[in-house]
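Working notes, beginning with the structure itself.
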2 protein chains.
Amino acid sequence: MHMMKTLLLSKSDVESLLTMKDALESVRQSYMAYNQNKVTQPPIMSIDVPHHNGEVDIKASYSYQDEVICVKAAVGFWDNPKRYQLPTGLAFITLYDARNGLPLCIMDGTHITRYRTGAAGGISAQVLARPDSRIVGVIGAGEQARMQVMALKEVLPIELIKVWSRSEEQRGHYKQEMEGLLGVTVLTCDTPEEAVNSADMVVTTTPSKEPIVRDEWIQPGTHIIAIGADMEGKQEIEARIFARAKVAVDHLAECMKRGETQNPIRSNLIQKSNIHAELGEILLGRKAGRVRHDEITLFDSTGMSIQDSTMACMIYKKATEMGIGSQFPFI
Amino acid sequence: MHMMKTLLLSKSDVESLLTMKDALESVRQSYMAYNQNKVTQPPIMSIDVPHHNGEVDIKASYSYQDEVICVKAAVGFWDNPKRYQLPTGLAFITLYDARNGLPLCIMDGTHITRYRTGAAGGISAQVLARPDSRIVGVIGAGEQARMQVMALKEVLPIELIKVWSRSEEQRGHYKQEMEGLLGVTVLTCDTPEEAVNSADMVVTTTPSKEPIVRDEWIQPGTHIIAIGADMEGKQEIEARIFARAKVAVDHLAECMKRGETQNPIRSNLIQKSNIHAELGEILLGRKAGRVRHDEITLFDSTGMSIQDSTMACMIYKKATEMGIGSQFPFI
């Protein structure tokens, strides 16, 4: 019997190996691989845990490029902070060797999920935002309100962040943290309109089920990154915006079903054929990105397993090279 | 932040904790829990890996009784023995705490899968076979031909095993191993008819896509355990047998789609309403088991995540009590 050990990486191991620059590169590669048909990615498996106000989502994929199978269990338990002093969201990733099924690495996937979701918006901005974009309007002040802006700061000359969220306290925390982290000015806004007004880019990151961002607030030339909506029934943006925007998605079928795109589709404001591209098609040069200064562009994302996979592979390789992590012989 | 460690159990750890008696008890409990609606069990997620002659099946469930979420990745890579000196089948199980999503235990699941599949047949025999069953006819001489008989030996007064498989060499190995292991006589047979003739129970364990066992060979009073068929297109038994048998299944929808039951359903020999029960209903006393000496009974099984879960929980508890395994702090 072949002897093999599985590499184990803790949350702090993964944190020590993870940069936004790498996340951006991984996400770019994953979108391109997906649109080159180098990925098998079955629909997500979900288990509700109503007794404990939680859910488990299992996302898996096979990457022909990296020759790995990635299985991620992402759990969301909304009572965790007050009941167990734990975060609401946790994730765990296992990479299997696609040649024989051996488990190569088991790692915390919480940070990877955060970073790859943040990086998605950044990659969209590289091809869909105006290169001179300086002002970001941010709706929501939670985790993705942070990650999205961190990614945008890597790819564009961001100078000002305008943030609105329902909670004034959260806005305050956000300002303090992000000014410290990024060295740019953060303005807290009392209304979403104020945050969106004169922004070059708008990022929505809330779990809202009612539109927050109005069509008439959006100026020509804006790039919108719609992150919050990832389940049926969610909506952050007036559906009419889609009718005048160049729309790109990460995964067409999933976005039409679960992303922000579900809303204009359901209300017949746009058809499937009005969706300009999957982002990978733009990155591969098969479809255009932004072509005019005054276009309104919109990127809708619900997240794909291949993003987790590409990033987890990168972390696994780094850890192996640097001798980080523990080994365990499962078989 | 809450400090917690995940228990890691290797294949040999799990082997050292695993008995067929425990497997039988776990499977009994899992079937009952399933039919008491104490289980959420989404459809199986499958990923084909055609480039390497392999596949990955992900089975997951939430057990309200044990308060765990069980995720199993079972891989099958048919070139493993000759290319990598590895078994074709491997499995890995993670148990998550259903109250907060923390990973309690990661363990090898290969042995658990073998034992729980074997135990399924044994549990069916307790309620559907004649209590004086002494002779088992076994079709196939692989892993489940061994496990099924090991389970039957625990629950019935088995005295003689008659085995047939395509390979004469395999039959010989089987005889030697099983006589040594169980202390009962094993007769190797040159035809499947010989193995089935005068058997009190018939166990089918091959990957066949053509019926091997003929209707006319089956005598009144026989209990048939149909294990091999677990994918669309598989068949080991002439479909007509179903028309004169009392049929029990583990999971109605899955057996109609992927089990031996798919064949008589497809050829309209029986309808859904002709299937007597799910095994859990019999174990709970809601439906009858065997009621007459001359009934032909048949149990069809494709396997359920809750079996993995119940057994993995039992192993996890034993390991914790006995201090077996390693600990790793993922978060």
Side-chain angles (χ1 to χ4, degrees), chain A residues 1-2 4 6 8-13 40-52 54-56 58 60-62 64 67 69 71 73-77 79-80 83-92 94 96-103 106-110 326 328-331, chain B residues 1-2 4 6 8-14 40-52 54-56 58 60-62 64 67 69 71 73-77 79-80 83-92 94 96-103 106-108 110 326 328-331:
Chain A
M1 164 75 84
H2 192 94
M4 68 80 59
T6 302
L8 309 174
L9 298 173
S10 70
K11 197 164 184 172
S12 60
D13 290 335
T40 298
Q41 205 175 243
I44 298 163
M45 183 195 268
S46 288
I47 298 177
D48 265 329
V49 188
H51 306 84
H52 303 291
E55 68 172 74
V56 180
I58 298 165
S61 58
Y62 165 34
Y64 314 165
E67 287 293 8
I69 289 133
V71 180
V75 306
F77 284 81
D79 302 336
N80 267 1
R83 277 203 202 153
Y84 302 100
Q85 290 83 55
L86 281 169
T88 52
L90 297 166
F92 304 92
T94 306
Y96 295 94
D97 190 325
R99 296 165 305 175
N100 51 34
L102 288 177
I106 307 177
M107 65 179 87
D108 171 77
T110 317
S326 304
F328 185 77
F330 277 102
I331 64 168
Chain B
M1 163 77 88
H2 192 95
M4 67 80 58
T6 303
L8 309 173
L9 298 174
S10 71
K11 198 165 183 171
S12 60
D13 291 335
V14 174
T40 298
Q41 206 175 242
I44 298 163
M45 182 193 268
S46 287
I47 299 178
D48 265 329
V49 188
H51 307 83
H52 304 292
E55 67 172 75
V56 180
I58 298 165
S61 56
Y62 164 34
Y64 314 164
E67 287 294 7
I69 289 134
V71 180
V75 306
F77 283 81
D79 302 336
N80 267 2
R83 278 202 202 153
Y84 302 101
Q85 290 83 55
L86 280 170
T88 52
L90 296 166
F92 303 92
T94 306
Y96 295 93
D97 191 324
R99 296 165 306 175
N100 50 34
L102 289 177
I106 308 178
M107 65 179 88
D108 170 78
T110 317
S326 303
F328 185 78
F330 278 100
I331 65 168

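In the text below, chain A, chain B and the rest are named by the order of the sequence lines, each starting its count at 1. Since the structure is predicted, the reported quantities are computational estimates derived from the model, not experimental observations.
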side-chain hydrogen bond (donor to acceptor under 3.5 Å, both in side chains) between B/E67 and A/H51: does it pass, once the steps are laid out? CA-CA 10 Å; B/E67 287 294 7; A/H51 306 84; 6.0 Å; no

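Contact between B/G101 and A/L90 at its shortest, heavy atoms only, is O-CD1, 4.3 Å. For the residue pair A/I58 and B/A60, the shortest heavy atom distance occurs at CD1-CB, 3.7 Å. Listed here is the closest heavy atom pair of B/S10 and A/P329: CB-O, 3.3 Å. When all heavy atoms are compared, the tightest approach of B/P42 to A/M45 is CG-CG, 3.7 Å. Counting all heavy atoms, side chain and backbone alike, B/F328 lies closest to A/D13 at CZ-OD2, 4.4 Å.
Here CG of B/D97 is found 8.0 Å from NE2 of A/H52. Values are rounded to the nearest 0.5 Å. Once rounded to the nearest 0.5 Å, the distance linking CG of B/L102 with CG of A/L86 reads 5.0 Å.
For B/V49, the parts lying near chain A are the backbone and the side chain together; criterion is any non-hydrogen pair under 4.5 Å. Looking at B/T110, neither its backbone nor its side chain comes within 4.5 Å of chain A, counting heavy atoms on both sides. In this structure, the portions of B/F330 lying under 4.5 Å from any heavy atom of chain A include both its backbone and its side chain.
At distances below 3.5 Å, not a single donor-acceptor pair connects side-chain atoms of B/N100 with backbone N or O atoms of A/N80.
In terms of heavy-atom pairs under 4.5 Å with chain B, the best-connected choice from A/T94, A/D48, A/I69, A/T40 is A/I69. Here B/L9 is the residue among B/L9, B/V56, B/T88 with the most heavy-atom pairs under 4.5 Å with chain A. Chain A forms more heavy-atom pairs under 4.5 Å with one residue of B/Q41, B/R99, B/M107 than with any other, namely B/R99. Listed options A/S61, A/G54, A/A98 were ranked by heavy-atom pairs under 4.5 angstrom with chain B; first place goes to A/A98.
Residues that satisfy the ring-ring contact (aromatic ring centres under 6.0 Å, His included) test with B/F92, not counting sequence neighbours, are A/Y96.
Tested against A/I106, the residues B/L8, B/T6, B/I106 include a single side chain to side chain contact (heavy atoms under 4.5 Å, CB included) partner, B/I106.
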